[in-house]
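Residue indices begin at 1 and follow the sequence shown. The analysis underlying the following values was restricted to heavy atoms, covering all of them including side chains, and did not include hydrogens, waters or symmetry mates.
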Amino acid sequence: MNFSVPLSEIKIAIIQPNVNQFDRMNPAKVPAIFALHEQLTRQAKGAEVIIWPETAIFSYILQDPNLLSKMQNLARETKAWLVFGTPYYDGSRSFNSIVVLSPSGE
């Protein structure tokens with residue numbers, strides 16, 4: 001990101017759907033919850049940075065090729081930096097992590 005632009009000129013959107021905590025932790029509801037976040041993200045027209053809540057999607061997104069691909073496509077389609085939290089595991093250890101995808105999906 002080019003930080004030579006004054007921060008006040010960067011358009012930021014924060015996505016905050018109303019999802020029940022018990023529903024959010026239900027793996028069967030991941031597709032519907034992802035679709036809701038995706039819909040709200042697409043409504044953030046003109047945002048350069050779009051931030052999702054911490055662990056918005058109850059999945060190891062970086063280890064889930066399907067969800068990661070969807071996130072990368074969403075970044076490309078919106079032409080925005082996507083910031084989201086996701087659990088990450090390395091061997092037997094799990095970490096709470098933050099991921100930033102560029103507008104090119106990297």
Let me confirm one number: the CD1-CD distance from I15 to E38, rounded to the nearest 0.5 Å.
11.5 Å
Hydrophobic clustering (ILVMFWY, side-chain heavy atoms < 4.5 Å, transitive) - are L36 and M25 grouped together?
yes
How about Q63: does its CD atom have over 12 heavy atoms from other parts shown lying under 6.0 Å from it?
yes
Applying side chain to side chain contact (heavy atoms under 4.5 Å, CB included), can you list everything that pairs with V83, at least two apart in sequence or on another chain?
V49, I51, I98, V100
Any chance you could pull the hydrophobic cluster mates of Y89, using side-chain heavy atoms under 4.5 angstrom and chaining through other members?
Y60
Just to verify, what does F95 make a side chain to side chain contact (heavy atoms under 4.5 Å, CB included) with, not counting sequence neighbours?
Y88, D90, R93, S97
Calculate, to the nearest 0.5 Å, the distance between atoms CG and OG1 belonging to L82 and T41 respectively.
6.5 Å
Run the numbers on W52 and L40 for side-chain contact (heavy atoms from CB on, under 4.5 Å), then give the verdict.
CA-CA 10 Å; W52 285 18; L40 293 172; over 6 Å; no
Going by atom type alone, with no hydrogens or angles, which donor-acceptor pairs under 3.5 Å involve a side-chain atom of residues 67-77 and a protein atom two or more places apart or on another chain?
unit_1 : atom_1 : unit_2 : atom_2 : d
Q72    : NE2    : G105   : O      : 3.3
N73    : OD1    : R76    : NH2    : 2.6
N73    : ND2    : S69    : O      : 3.3
R76    : NH1    : S104   : O      : 3.4
E77    : OE1    : R42    : NH1    : 2.6
E77    : OE1    : R42    : NH2    : 2.7

Go through the structure and list residues passing side chain to side chain contact (heavy atoms under 4.5 Å, CB included) with P53, not counting sequence neighbours.
Q16, P17, H37, A56
How long is the gap from CD1 on I61 to CZ on F34, to the nearest 0.5 Å?
7.5 Å
Minimum-distance pair of heavy atoms, taken over all atoms of F58 and V30:
O-CG2, 3.3 Å
Qualifying salt bridge (charged side-chain N to carboxylate O under 4.0 Å, His left out) pairs with a residue from residues 19-30, counting only residues at least two apart or across chains:
D23-K29
Calculate, to the nearest 0.5 Å, the distance between atoms CZ and CG belonging to F84 and L62 respectively.
6.0 Å
Point-to-point distance, once rounded to the nearest 0.5 Å, from OG1 of T86 to CG of N96:
8.5 Å
